Amino acid sequence: MPTRTALLEEVIPLTLDGYAYSGRVVHQPDARMAPVVLVGGAFQHQNAWGRLEQGFLESATVITVDLPGWGDADRLPARYGFDFLAEALDQLLSKVAPSPVNVLGGSYGSAVAYQWVRDHPGRAERLGLVGTMSHLADHVRARVERTLVMAEQGRRAEFVDCVIETMLCVSPLVTVSRRSAIARCLSRALYDMTPDDLAKYKENSQRLLSCSRLPGGPSVRVPALVTTGEHDPLSTPALSREAAARLADARFTTFKDADHLVHLERPAELVDLMTRFFRGDPLVGLDYCHPVERVRHRAPMDTLPSPRPSNEP
């Protein structure tokens with residue numbers, strides 16, 4: 001459902017290379033920390049952050065965006081990489097947030113957030129990445145390719161089931177908060193996808209398949225916190241932790257009783273963790289996640305083997 005707020009809301013229409021998109025700012029006049037920029041995943045719209053946005057608005061102005069290829073923005077061909085999306089994000093932030101911001105990238109949007117922060121040192125105070133990965137593991141590539149075939153052939157029921165099994169932990173042996181309700185909502189949203197939505201999914205997925213690793217070059221040097229659900233079958237904890245090791249000053253943890261959709265399953269807890277991090281507060285004694293650890297920086301060639309996804313035996 002679209003976010004509702006009594007605070008001042010501003011929508012900024014933009015174009016880049018002929019592709020229309022927009023940003024959105026919800027101003028908090030009594031902000032106690034730098035603005036929080038939310039860059040969402042493949043199915044996340046700028047006006048649908050719900051409880052996550054409301055939580056951050058208690059202490060900060062919140063900036064959201066429908067980048068080209070997202071939400072109500074124009075469809076973006078897959079030949080445009082994450083660097084183009086980072087440029088689009090920069091165009092928005094140059095207009096609405098000239099001072100440093102805190103950036104939170106989720107899932108697909110984590111690659112955009114990472115690239116923007118890396119390419120614009122000094123523009124970000126801190127970086128949060130949720131459900132990210134250092135590289136596209138074989139099990140992820142296979143599932144994404146399978147969903148593209150199903151979508152192309154109009155096999156909607158199989159497409160829906162495959163996407164759900166890719167993003168949610170379906171094992172009955174583990175506990176995931178709000179799993180049934182979120183599975184129903186995601187299923188309904190996938191069945192309701194329009195032809196334009198499916199076309200955007202196709203282009204975004206092909207972009208992911210062709211840009212299968214975090215961008216090379218200098219590492220992100222601002223303080224960073226990488227997290228995901230402990231049962232995430234997509235960006236598994238091992239893949240997320242490996243992504244954290246690519247950052248110069250990184251912390252890592254996993255949320256208890258959550259999978260890839262931690263922002264829906266444990267929104268209040270995610271807001272609490274990230275607000276503490278953005279403010280520079282101690283990240284100790286938090287019962288909703290595993291102990292937050294400092295991650296030793298590693299060069300990109302020092303990779304870990306691809307882990308087995310938690311949905312497999």
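Below, all heavy atoms of this structure are taken into account, side chains as well, without hydrogens, waters or symmetry copies. In this text, all values refer to a predicted model and were calculated from it rather than measured experimentally.
- Put simply, OG on S177 and CG on D257 are 4.5 Å apart, with the number rounded to the nearest 0.5 Å.
- A distance of 9.0 Å separates OG1 in T275 from CG in D281, rounded to the nearest 0.5 Å.
- Within 6.0 Å of CD on E152 lie no more than 12 heavy atoms contributed by other residues, nucleotides or ligands.
- Closest of all the heavy-atom pairs between P68 and A73 is CA-CB, 3.9 Å.
- In this structure, the side chain of W70 engages the main chain of G41 through a donor-acceptor pair within 3.5 Å.
- Checked against the 6.0 Å centroid criterion, the rings of Y80 and Y19 qualify as a close aromatic pair.
- Counting only N and O atoms by type, the side chains of D197 and T194 include a donor and acceptor under 3.5 Å apart.
- Distance alone, capped at 3.5 Å, is enough to place a donor-acceptor pair between the S210 side chain and the Q206 backbone.
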Residue pair T64, V62: steps toward the side chain to side chain contact (heavy atoms under 4.5 Å, CB included) verdict: CA-CA 7 Å; T64 62; V62 175; 4.0 Å; yes

Intermediate values then yes/no, side chain to side chain contact (heavy atoms under 4.5 Å, CB included), Y191 and V160: CA-CA 7 Å; Y191 272 111; V160 170; 3.9 Å; yes

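- Using a 4.5 Å cut-off on side-chain heavy atoms (C-beta onward), M274 and V130 make contact.
- Heavy-atom minimum distance, A124 versus V103: CB-CG2, 4.4 Å.
- Side-chain contact between R146 and E158 is absent, with no heavy-atom pair separated by less than 4.5 Å.
- Within 6.0 Å of the CD atom in E10, the count of heavy atoms belonging to other residues, nucleotides or ligands exceeds 12.
- Remark: side-chain polar atoms of T15 are not paired, donor with acceptor, to backbone N or O of G18 under 3.5 angstrom.
- Side chains of R207 and Y108: a donor-acceptor N/O pair is present below 3.5 angstrom, by distance only.
- Proximity of E53 to R24: side-chain heavy atoms (C-beta onward) are separated by under 4.5 Å at one or more points.
- Judged purely by distance below 3.5 Å, without hydrogens or angles, the side chains of S235 and H260 pair a donor atom with an acceptor atom.
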Residues E9, H27; criterion side chain to side chain contact (heavy atoms under 4.5 Å, CB included); working and verdict: CA-CA 6 Å; E9 181 177 325; H27 296 276; over 6 Å; no

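- The NE2 atom of H263 sits 10.0 Å away from atom CG of L38, with the distance rounded to the nearest 0.5 Å.
- Under a 4.0 Å N-O distance rule, the pair R188/D192 does not qualify as a salt bridge.
- The shortest side-chain heavy-atom distance between L14 and K95 falls under the 4.5 Å cut-off.
- At most 12 heavy atoms of other shown residues, nucleotides or ligands fall within 6.0 angstrom of atom CZ in R221.
- In this structure, CG in L264 is found 9.0 Å from CG in L168, a value given to the nearest 0.5 Å.
- Put simply, CG on D196 and CG on D74 are 9.0 Å apart, with the number rounded to the nearest 0.5 Å.
- Ion pairing between a basic and an acidic side chain is recognised when a charged N comes within 4.0 Å of a carboxylate O; E293 and R241 show such pairing.
- Between the side chain of K256 and the backbone N or O of D287, at least one donor-acceptor pair lies under 3.5 Å.
- For the pair L247 and V295, the minimum side-chain heavy-atom distance is 4.5 Å or more.
- Checking side-chain atoms of S219 against main-chain N and O of A248 turns up a donor-acceptor pair under 3.5 Å.
- Of all the heavy atoms in P233 and E165, the pair that sits closest is CG-O, 4.3 Å.
- Within the 4.5 Å cutoff, side-chain heavy atoms of L209 are placed close to those of V144.
- Relative to the six-membered ring of F277, R126 meets both conditions, a distance below 6.0 Å and an angle of at most 45° to the axis.
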Verdict with reasoning, Y288 to L273, per side chain to side chain contact (heavy atoms under 4.5 Å, CB included): CA-CA 9 Å; Y288 51 75; L273 177 68; 3.6 Å; yes

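- Taking the centre of each ring, Y201 and F159 come in below the 6.0 Å mark.
- Taking every heavy atom of both residues into account, P100 and A34 meet most closely at O-CB, 3.6 Å.
- A pairwise comparison of heavy atoms in F252 and A244 identifies CB-CB, 4.3 Å as the closest pair.
- The pair D259-R179 does not count as a salt bridge, with every side-chain nitrogen at least 4.0 angstrom from each carboxylate oxygen.
- Looking at D232, its side chain never comes within 3.5 Å of a backbone N or O of P237 through a donor-acceptor pair.
- Side-chain contact between T227 and V262 is absent, with no heavy atoms from C-beta onward closer than 4.5 Å.
- G229 and T254 get closest at one heavy-atom pair: C-CB, 4.3 Å.
- Counting only N and O atoms by type, the side chains of S134 and E242 include a donor and acceptor under 3.5 Å apart.
- With contacts defined as side-chain heavy-atom distances shorter than 4.5 Å, the pair L57/V36 does not qualify.
- For the atom pair CZ (F84) and CG (D17), the distance works out to 5.0 Å, reported to the nearest 0.5 Å.
- A donor-acceptor pair under 3.5 Å is formed between the side chain of T253 and the backbone N or O of H290.
- Comment: D249 engages R294 in a salt bridge, judged by a side-chain N to carboxylate O separation of less than 4.0 angstrom.
- Within a 6.0 Å sphere centred on NZ of K202, heavy atoms belonging to other residues, nucleotides or ligands number 12 at most.
- A continuous path of Ile, Leu, Val, Met, Phe, Trp and Tyr side chains, each step under 4.5 Å between heavy atoms, connects V220 with M133, placing both in one hydrophobic cluster.
- In this structure a side-chain-to-backbone donor-acceptor pair under 3.5 Å is present from Q44 to A48.
- A donor and an acceptor atom, one from each side chain of Y21 and Q46, are nowhere located under 3.5 Å apart.
- Of the possible donor and acceptor atoms, none in the side chain of Q153 sits under 3.5 Å from a partner among the backbone N and O of R155.
- With hydrogens and angles disregarded, a donor-acceptor distance shorter than 3.5 Å links the side chain of T166 to the backbone of C162.
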